[in-house]
Every structure is written in C-alpha cells, then in structure tokens.
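The block underneath contains the structure these notes are about, expressed in structure tokens.
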Amino acid sequence: MVLMEKTYMPEEIEKKWNALWKEAHCFDVKHDGKPTFTVFMPPPNVTGILHMGHTLNNSIQDVLCRWARIQGKDVLWIPGTDHAGIATQSKVEKVIKKEGLSRQKLGRKAFLERVEAWRKEHGNIIFEQLKRLGVSCDWSRATYTLDPDYSKHVLTAFVKLYERGYVYKGKRLVNWCPISQTALSDEEVIMKQVPAFLYTFRYNIVEKPGQFIAVATTRPETIMGDVALAVHPQDDRYKDLVGLHVQCPFDQTRTIPIIADEVVEREFGTGALKITPAHDPIDFAVGQRHALPFIEVLDERGIVNNQGAPFQGMDRFEARKAVVEALQEKGFIIEIKPYNHAVGYSERADVPIEPRLSEQWFVRYPKVEEAKALAEKELVHFWPKRWIKTYLHWLSNIQDWCISRQLWWGHRIPVWYRKDDPSVLHVSVEGPADPENWDQDPDVMDTWFSSWVWPLGTLHYLDNTEKAKRFFNDYFPAHTLVSGPDILFFWITRMIIASLEFLEDRPLAQRVPFKNIYLTGIVRDAIGRKMSKSLGNSPDPLVLIQQFGADGVRIGLLSIAPQGQDIRFDERFLVQGRNFCTKLWNACRFRQMQGVEAAYTSLDDIFEKLENLSVYDEHLLLSLQKTMLEYDNLLHAYSFSTAIKLLQQCFKNVFCDWYLEVQKNESRHCHAVQDLFLRQMLIMLNPYAPYITEELWHQLHLSESFIQSAGWDLDAFNQRLSKVLSQNQEDIDTVEQLRTLVSELRSLKAANNLASNKQTTMCVNLEPAYSALFKKHKDLILKMVGVQAIDEVSEMPEDMPKIVTLWGTFGIVLMKEEGSNDMANIQKEIDTLTQHILAAEQKLANPRFVECAPQGVKDGVKKLLKENIQKREALKKLLA
RNA sequence: GGACGGUUAGCUCAGUUGGUUAGAGCUACUGGUUUACACCCAGUGGGUCGUAGGUUCGAGUCCUACACCGUCUACCA
C-alpha cells in the first residue's frame with residue numbers, strides 16, 4: 001500500500017475521477033424502476049462562459065442530484081444550452097462588422113451560417129467548464145434549444161396556441177430597441193433612474209389669440225407627433241378650454257384639439273398632457289379612446305423621419321436639443337428644470353428603448369388561474385417560501401406577451417402568407433405543401449418562447465413511441481428547479497403555464513413541471529455590488545478551481561449561501577473550503593498510517609469489528625448519529641449552508657480535535673470506530689465535495705464501487721448502532737464535561753503565561769460527587785492538558801492561581817517568577833454568577849412561572865442554579 | 001407609489017413551534033510543533049440582538065410604529 005501524499009492535490013485527482021465517472025457512465029439515467037429524481041438545468045447561453053452565478057446554481061443542483069443518487073434514486077439531470085437570440089446575434093454582428101460586413105449584406109442564409117459556425121466554435125465551452133466543477137449531469141441527454149426535435153416542441157406550442165386563439169397579431173406600441181432593431185418583451189427592458197430635464201412650453205390657443213396652455217414634457221423631440229392636448233375633466237383651470245384647439249409650434253397650419261381624459265394627473269407639471277400616441281404607452285391608450293390619429297416621427301433607428309420636419313434626419317437625442325433650441329428662439333419655452341425619472345433601457349444594447357408602433361405577434365397567457373391555484377394549493381413549493389407572493393403578484397398583473405423579434409437567429413415564426421393574397425395565412429409546424437406560393441413571416445420568436453417548453457422538449461414529450469411515453473411519465477415532473485430569482489417571470493412561471501396548457505389530459509397535480517422551486521441568492525462582491533462583467537468584479541470560476549480545487553470552491557461557496565439570501569462573495573471563504581479538504585485528507589491519511597486492510601471494508605465488516613467500545617468511542621458515534629439525522633433534515637429543508645457547516649463542525653471539533661487526540665493518548669485502539677465515522681462522513685460530504693470524497697473512499701478501501709452507490713438508510717443504520725452502543729447518557733455527559741474540564745485547565749495554564757507545552761504541576765480540591773470520575777480519567781487529563789501531576793489536597797495554598805470547575809477547584813504550582821493570582825478576575829466571575837443565580841431564584845420564586853413553565857424548563861433552571869451556587873461558593877473560598 | 005427582504009461580535013452569518021447563562025467561522029491578540037494536517041493546534045478578547053412601545057410568568061424570536069440598507073415592480077407625461 002502506497003502512503004497517501006502529504007497534501008491533497010486536486011488537479012490530478014479531479015481529472016482522474018472525471019475520466020472514471022465518464023467511463024462507468026455514473027451519471028447516465030438508469031431507468032431501472034427505482035424511484036426517479038429529475039432536475040432540469042437552467043440552460044445557459046450557448047456561447048456563454050461560466051460565472052459565479054452558474055457556479056453556485058449548479059453546485060446546488062449537484063448536491064441535490066448526488067444526494068439523491070446516494071439514497072439509491074434513479075437520477076436524471078438534464079443539461080442544455082439556450083441559443084440566446086439577441087445575445088448571440090449581436091455578438092456575431094459585432095464580429096462581422098470588423099470585417100466590414102453586416103447581416104444585411106450577407107443575407108439571411110449566409111448570416112445564419114456564420115452564427116452557426118460561431119456556435120460550433122464557442123458553444124459548449126460552458127459544458128467543459130461545468131464538468132470541471134464536477135457536476136453530475138447526464139451529458140448524453142444534453143439539449144440545445146435549436147435541436148430539431150426540441151424545435152418541434154417550440155413550433156408546436158406556437159401552432160397550438162394559435163389554433164386555440166391565444167396567439168394573435170396586432171399593431172401595438174412595443175418596446176423597441178433602436179440598436180438591435182427589434183421588439184422586446186417588458187421583461188427585457190430595464191428601468192433605470194436617470195437625470196433629465198422637464199421642459200415646460202406653450203401651446204397657443206387658436207380660438208383665443210394671445211392665450212396659451214403650458215405643457216410639461218421630458219420628450220420634446222416627439223412634439224411633431226402630438227395629436228392632442230389632454231387635461232383632466234374636473235380640472236377647473238382648463239374646463240372651459242376643452243373642445244378648443246391649439247396650434248402646433250413647428251407647423252402653424254396644423255391644429256390639434258384639447259380633450260379631457262381621466263388619466264391626466266392634475267398635480268403633475270401644468271396639469272396638461274401632450275398626446276403622442278405613436279411614441280408613448282399612456283398616450284397610445286388615450287389615442288385609442290379618443291380615436292386620434294397616430295403620427296410616427298421616429299424611424300426604426302430612432303431617427304426623425306419626414307413627418308418630423310424640420311428636424312428630419314436627426315438622431316432622437318440630437319433632435320431633443322434642436323427642438324428645445326428652436327422653441328427657445330420662438331420664445332415658447334417657459335421653464336426647464338432638472339428632473340430625475342425612470343427610463344426603460346434595452347437589456348442587451350443598454351440604450352433607452354423607444355415605444356414604437358409596430359405589427360407584432362402576441363400571446364395572451366392561458367391557464368393563469370390554474371397557475372395561481374398550483375401555488376395556493378401547495379402543488380408547487382417555493383424555497384424560500386416568500387417568493388410565492390411575488391409569483392402570485394405577477395400572475396395577477398399579467399400582460400400579453402410580445403413574442404416576435406425582428407431578428408434572424410432563432411425559431412422562425414411558423415406562419416406563411418399567400419403570395420397572391422397575403423391576408424391568407426398558413427400556420428403549421430411543417431409549413432405549406434406548396435412553399436413556392438407562400439412567404440414565411442420573417443420574424444423569429446422570443447428566446448423565452450423557446451425555453452418555456454424546456455421540461456417538455458428535454459423529455460421529448462412529442463415523441464409518440466411507447467418507450468418515449470413511458471420515459472416521459474417516469475421522469476416528469478422534476479423534483480426541484482434551481483434558479484436565480486431574476487428569471488422567475490421570464491422562465492419559471494412561463495414553464496409552469498406552458499406545462500399546464502400542453503398537458504391538459506393530466507390531472508392538475510401532474511401538470512406542474514417541478515414540485516419544488518429553489519431560488520438562489522445573487523452572488524455579490526465583498527462590498528455588496530452585483531457581480532457583473534462591466535464592473536469587472538466577477539472572478540473567473542476556473543481560476544478559482546485551479547487555486548482552491550473544485551471541492552474547495554464548492555464547499556466555500558455553499559457554506560456562505562444561506563437559503564435565498566444574497567451572497568457576499570469573498571475568496572476567504574474558498575480558502576476555508578480548501579483548508580477543510582486538506583484537513584479531511586489528512587485525517588484519512590492518519591487513519592491509513594495506522595494500517596488499512598488490503599481487502600474492502602464493508603459496512604457489515606465495520607459493524608462486526610465494533611467491540612469493547614470506550615466512553616470516548618460511544619461519545620463519537622453518538623455525535624455521528626446525531627449529525628447524520630440533522631444533516632438529513634437540513635438537506636430536506638434545502639438548508640445547504642447550515643448542513644455543510646454542521647458536517648465541518650462535527651468533523652473538526654469532535655473527531656479531529658477531540659477524538660483523535662484522545663486516541664493518541666490511549667493505548668487501546670478500535671479502528672472500526674474511525675472507519676465507521678469516516679465512512680459516514682465521506683458519504684455525507686460527497687454531494688458537496690465529490691472528488692476528494694471519492695478518492696478517499698477508495699484510499700480507505702471502503703468499497704470497490706463508487707461512493708455514490710453507498711446507500712443511505714438512516715433507520716437501519718440507527719438500529720444497528722443502537723445494538724452496539726450502551727446508550728448510557730451519563731457516560732456521554734461525562735465526556736462532554738471532560739472536554740470542558742480539559743479546556744478550563746489549559747486556560748488556567750495560559751492565563752498564567754505558561755506555554756502549552758510546559759509541563760507543570762497542579763493540585764485539586766475535588767467535589768466529592770466527581771471524585772471517582774476524576775480518578776478514572778486522570779491519566780487522560782494529564783496528557784491532554786500537559787501536566788505532570790495533579791495532587792489531591794484538602795486545603796489550597798493561598799497564593800496559588802486557581803480555577804473553579806464543575807469537578808473541583810484546581811490550582812497551579814508556579815515557579816517564583818511565573819504568573820500571579822488574579823483576584824479581580826475571580827471577583828468578576830463571582831459577580832456574573834451572582835447575576836445568573838439571582839435571575840434563576842427570581843424565576844423559581846415567581847408562582848406564575850412555577851405554574852406555567854413546562855417541567856423540563858423548571859428542572860433546567862434548578863440544575864443550573866445548583867451548579868452556579870456550587871461554583872460561587874468555591875470561588876468565594878478563594879477570596880476569603 | 002406598491003410589494004418583498006434585511007438590520008445579532010470588527011467582518012460574514014446561525015439562532016426551527018416564545019423557555020435554562022445569545023452561538024459559529026473569519027479577523028485581532030497570546031502561546032505552541034507531541035503518531036496526520038501551519039491549508040495545523042491551544043487559549044484570550046469582543047454583542048444592552050436597528051430604535052421606541054406592547055403582549056407574556058418568560059421575547060433575538062410574536063404584535064404595532066419608526067429609522068436605515070437592499071431587491072423587485074409601476075411609473076407623473
């Protein structure tokens with residue numbers, strides 16, 4: 001047997017196990033009749049690269065999947081990528097721009113080939129990165145949203161919704177991105193507070209020469225598109241003016257009416273609102289109500305068109321300046337004041353969006369009420385729970401979804417118009433039989449329209465073979481969906497709606513695509529800023545993996561990710577993760593140095609060898625048992641950070657720093673105890689740290705097969721353990737008291753400036769009740785504290801530094817120049833004890849307390865009171 | 001404007017249905033290398049649980065108000 005290396009070397013070991021796992025198809029779905037466990041990976045952008053958000057998200061999914069596998073479940077974790085319409089297309093457009101090309105110059109077909117080539121080159125980088133992190137997906141089932149089979153699901157969704165009357169085409173005001181030149185959904189628009197100006201200017205009244213109405217606006221460049229002025233019907237200032245007309249400032253021949261509409265806020269600005277239906281959502285509604293004309297003055301690039309004379313050809317921001325200057329020259333401007341307001345920005349291009357009138361495809365959401373009912377009936381659970389409110393709020397205020405995009409990269413809208421009569425439509429997945437007579441709609445669908453059928457498409461719902469149907473039924477719905485809350489509406493809610501709509505033949509409970517939704521926090525930097533490319537505050541996960549090992553990164557990250565709370569990321573935590581791995585490594589190395597059997601040591605073997613257990617052994621195994629139970633509960637409750645901290649604490653404090661140190665000072669060794677502890681600890685740590693635990697599992701010869709097949713039957717384990725343990729609670733208490741005593745005596749030494757390695761002599765005045773216990777464990781105490789002898793005395797010498805413990809008063813023998821007795825400290829301790837004693841006495845003297853409090857609480861108070869009094873008496877003796 | 005979070009040690013956070021003397025890790029300080037590990041061990045210091053009230057025998061935990069920080073959402077043009 002070759003001795004393990006002195007430190008854990010993640011890189012080679014990670015490589016080794018990645019290869020072996022792949023070779024053995026460890027993560028392939030088995031479909032062997034065992035209970036299934038499905039997870040859908042939120043598909044990252046196909047050309048994206050791994051960032052901290054992915055790292056957190058996928059680590060959590062991996063914990064869930066690996067834990068399920070250990071429990072013997074048949075796990076299916078489906079990975080995939082998203083074609084990411086706008087993001088990918090604009091990336092490639094930037095690249096070809098450098099070659100002096102544009103997509104228009106290339107033409108649709110050639111451009112799409114370029115994008116596809118780009119995808120082939122840059123796609124799946126993220127898969128390789130995820131593999132480095134150690135995620136256990138079934139890679140053979142990786143799905144891409146433009147895969148032919150997957151696309152069929154997307155197009156079918158469109159066609160079905162069209163047939164059912166949920167999809168319609170309409171000329172509406174949409175969010176228009178002048179850079180990408182496409183419509184955007186409301187969710188792709190980011191509202192930003194920006195400093196701007198509020199311009200107040202005059203509109204001369206035609207019927208009353210010399211009189212005018214003052215109007216406030218932030219968008220003077222749209223004045224040329226004004227078709228009315230609106231005031232509130234109850235506004236006394238303007239009541240008499242309704243029905244009259246005003247003159248347009250740049251086209252004196254054009255007059256527009258003054259109308260009354262309740263949408264106008266009397267308190268804002270001047271109480272008069274200019275109506276530009278083609279360029280503002282509110283104005284659009286007013287325009288429809290009053291049957292006003294729609295005048296567009298900006299084109300698709302945000303440039304003033306021929307309706308906007310004399311500013312034609314100017315960009316919208318140039319035009320704003322020019323219009324204001326022109327108004328100033330005419331003396332129409334009354335006031336210009338700074339004004340902060342929210343402006344919608346295009347998520348991708350980061351420029352203000354332009355509300356623009358255009359013809360688009362819309363979806364009216366089906367199954368909204370059912371989607372609400374699912375959450376209310378707890379057929380889908382949110383973790384943390386509070387997200388249910390946000391979910392319901394969105395569903396209650398849901399707006400029709402603009403799904404067409406004026407892009408080329410994506411699923412093309414499956415609608416054809418007859419060449420000789422474009423009002424004749426053909427809508428189908430396959431297209432018309434005589435394509436030469438038809439023109440297909442040029443637009444593609446919103447990327448989110450493709451990902452909302454993710455649970456159906458990845459499981460090949462439309463495949464009608466018996467085998468495929470059975471597969472779908474066995475793996476749908478998923479157990480948990482893990483995602484950031486930022487895409488709760490974009491994606492999660494829509495997946496629920498799509499599954500509800502397209503699985504109509506199933507009962508409600510079986511149409512929900514996942515039973516649990518776990519929403520992670522957002523990863524922030526050390527000073528609380530969101531991690532982003534532009535700030536450059538996001539570390540490269542691969543560099544971190546190289547520095548700390550994949551396991552170190554995973555443990556570090558998960559230990560600071562409390563349920564649904566944002567994460568303050570700091571490399572310090574990864575250092576801790578790595579350090580823990582080293583500790584684990586060394587504890588197993590230590591075990592190996594004591595001799596490991598050449599044959600495999602199964603759980604049965606270990607239990608067989610558990611005999612003649614000392615109280616220390618029992619104490620350790622009971623700690624293990626308690627930890628196993630708590631760990632199981634914590635994972636059920638998605639408390640990932642608490643769970644890993646629990647394991648770390650048990651492993652370091654109880655096993656390494658206490659049990660192993662005790663073992664070093666004991667002649668008798670029961671290796672089976674260590675083996676059992678390490679075995680169970682490795683199993684529990686495996687979901688968090690798959691590589692190192694797999695390696696150690698084999699180094700310690702715990703099994704021939706992979707750790708993932710170890711099994712986890714808590715009840716059976718507890719029963720077996722109960723048989724070998726004496727289960728004497730007093731013994732366990734004794735060991736806890738011993739730990740405290742050792743710590744107190746070490747403290748006595750340190751307080752008197754004695755180095756921890758300095759052998760000293762102590763004396764003790766024992767509490768009679770603990771005399772026997774002390775004698776029994778005396779040798780161990782001597783060794784653990786570093787003391788030559790502890791002499792029992794009935795009277796403590798006066799000038800000796802002392803400490804009062806549960807078991808007795810201990811004094812330390814000092815050389816002349818060493819230390820001194822600190823009376824002030826003793827007095828301080830007596831004072832604190834007195835406070836506690838008084839509080840306890842008051843409680844017990846209170847009849848209401850005695851009457852109401854449960855017996856356990858009362859007993860606890862009494863016991864503590866007794867101990868505190870005992871301790872205080874001993875301390876008082878020292879002062880006397 | 002609305003909704004939802006958060007506020008506990010210098011920092012990052014635990015603290016389950018109210019119940020015994022409020023915890024951990026990191027940092028700081030002190031000391032140490034004994035059968036693994038300095039990516040280690042031992043010890044010390046540090047908190048009137050955001051503020052003000054209330055309910056209760058008992059409140060970090062429940063209620064009310066306020067303050068501050070944050071997120072989402074709608075935006076009054």
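- Checking B:rA36, B:rC37, B:rG19 against the side-chain heavy atoms of A:Ala853 singles out B:rG19 as nearest.
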Notebook entry, point to check: If the sugar-phosphate is the primed atoms plus P, OP1 and OP2 and the base is the rest, what is the B/S/- string for nucleotides 59-64 of chain B, using protein heavy atoms under 4.0 Å?
Noted result: ------
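- The ring pair (Phe, Tyr, Trp, His ring centres under 6.0 Å) check on A:Tyr8 picks up A:Trp585, with sequence neighbours excluded.
- Here A:Ile256 pairs with A:Tyr203, A:Asp226, A:Val246, A:Cys248, A:Arg254 under the side-chain contact (heavy atoms from CB on, under 4.5 Å) rule; sequence neighbours left out.
- Within the nucleic acid shown, A:Thr218 comes within 4.0 Å of sugar-phosphate atoms alone, with no base atom in reach, counting heavy atoms only.
- Listed by chain and residue number, A:Phe580, A:Phe655 satisfy the ring pair (Phe, Tyr, Trp, His ring centres under 6.0 Å) test with A:Phe651 (two or more places apart in sequence, or in another chain).
- We find that NZ of A:Lys749 is positioned 14 Å from C1' of B:rU30, with the value rounded to whole Å.
- Separating the C1' atom of B:rC69 from that of B:rG58 is a span of 32 Å, rounded to the nearest Å.
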Scan nucleotides 21-24 of chain B against the protein and return all N/O pairs shorter than 3.5 Å with their distances rounded to 0.1 Å.
unit_1	atom_1	unit_2	atom_2	d
B:rU21	OP1	A:Lys843	NZ	3.4
B:rU21	OP2	A:Lys843	NZ	3.4
B:rU21	O2	A:His836	ND1	2.8
B:rU21	O4	A:Asn868	OD1	3.4

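- Per the geometry, CG belonging to A:Leu574 stands 17 Å off P belonging to B:rU12, to the nearest Å.
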Under 3.5 Å, which N/O atoms of the protein pair with N/O atoms of nucleotides 26-28 of chain B?
none

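- Taking the P atom of each, B:rA14 and B:rA9 are spaced 13 Å apart, rounded to whole Å.
- Taking 3.5 Å as the limit, the base of B:rA36 and the side chain of A:Lys664 contain a donor-acceptor pair of atoms between them.
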Using nucleotides 42-45 of chain B, report all nitrogen or oxygen pairs with the protein that are shorter than 3.5 Å.
unit_1	atom_1	unit_2	atom_2	d
B:rG43	OP1	A:Ser743	OG	2.7
B:rU44	OP1	A:Ser747	OG	3.4

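- Across the C1' atoms, B:rA52 and B:rC57 are found 24 Å apart, a figure rounded to whole Å.
- Here salt bridge (Lys or Arg N to Asp or Glu O under 4.0 Å) pairs that include residues 544-557 of chain A, with residues two or more places apart or in two chains, are A:Asp62-A:Arg554.
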Margin query: Before you tell me yes or no, could you show the steps for A:Glu744 and A:Lys749 under salt bridge (charged side-chain N to carboxylate O under 4.0 Å, His left out), namely the whole-Å CA-CA distance, both residues' side-chain angles and the distance that decides it to 0.1 Å?
Written below: CA-CA 9 Å; A:Glu744 283 169 331; A:Lys749 273 177 76 177; over 6 Å; no
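- Contact annotation: A:Arg568 reaches the phosphate of B:rU12 (side-chain N/O to OP1 or OP2, under 4.0 Å).
- In this structure, A:Gln234 has no side-chain hydrogen bond (donor to acceptor under 3.5 Å, both in side chains) partners at least two apart in sequence or on a different chain.
- Contacts of A:Asp261 classified as side-chain hydrogen bond (donor to acceptor under 3.5 Å, both in side chains), with partners at least two apart in sequence or in another chain: A:Arg289, A:His290.
- Atom pair A:Ile282:CD1 and B:rA74:C1' shows a separation of 10 Å (rounding to whole Å applied).
- Put simply, CD on A:Gln835 is 14 Å from P on B:rU48, counting in whole angstrom units.
- Ring to ring, A:Phe382 and A:Tyr391 are close: their centroids are under 6.0 angstrom apart.
- Of the N and O atoms on the side chains of A:Gln674 and A:Gln594, at least one donor lies less than 3.5 Å from an acceptor on the other residue.
- Within 3.5 Å, a donor on the side chain of A:Glu661 pairs with an acceptor on the base of B:rA36, or the reverse.
- Each of B:rG19, B:rG31, B:rG5 was ranked by its minimum atom distance to the side chain of A:Ala755; first place goes to B:rG31.
- Residue A:Val857 places its side chain closer to B:rG19 than to any other of B:rG31, B:rC37, B:rG19.
- Nucleotides B:rA59 and B:rU16 place their C1' atoms 16 Å apart, quoted to the nearest Å.
- Under 4.0 Å is where a charged nitrogen must lie from a carboxylate oxygen, and between A:Arg591 and A:Asp675 at least one such pair does.
- Atom name P, nucleotides B:rU12 and B:rG50: the rounded distance is 15 Å, in whole Å.
- Checking A:Ile560 against A:Asn586, the closest nucleotide of RNA chain B that is more toward the 5' end is the one next to A:Ile560.
- Taking the C1' atoms as reference points, B:rA65 lies 43 Å from B:rC29, given to the whole Å.
- Stacking of A:Lys664 on the aromatic ring of A:Phe590 is recorded, both the 6.0 Å distance cut-off and the 45° axial limit being met.
- A:Asp859 and A:Gln855 form a side-chain donor-acceptor contact under 3.5 Å, judged by distance and modelled atom types alone.
- Checked against a 6.0 Å centroid threshold, the rings of A:Phe640 and A:Tyr518 count as neighbours.
- Separation of the C1' atoms belonging to B:rG6 and B:rU44 is 32 Å when rounded to the nearest angstrom.
- Here A:Tyr238 pairs with nothing under the ring pair (Phe, Tyr, Trp, His ring centres under 6.0 Å) rule; sequence neighbours left out.
- Between the base of B:rC4 and the side chain of A:Lys389 there is no donor-acceptor pair shorter than 3.5 Å.
- In this structure, A:Arg746 contributes its side chain and A:Met784 its backbone to a donor-acceptor pair below 3.5 Å.
- In this structure, A:Phe294 and A:Phe284 have perpendicular ring planes: the angle between them is above 60°, well past the 30° mark.
- Checking A:Lys274 against A:Thr222 by side-chain atom types alone, a donor-acceptor pair falls below 3.5 Å.
- Comparing the same atom, P, in B:rU21 and in B:rU33 gives a spacing of 41 Å after rounding to whole Å.
- Between A:Gly860 and A:Phe573, the residue anchored nearer the 5' end of RNA chain B, judged by the nucleotide with its closest heavy atom, is A:Phe573.
- Consecutive Watson-Crick or G-U pairing (both distances under 3.5 Å) extending over three or more pairs maps onto RNA chain B as B:1-7 with B:67-73, B:10-13 with B:23-26, B:28-32 with B:40-44, B:50-54 with B:62-66.
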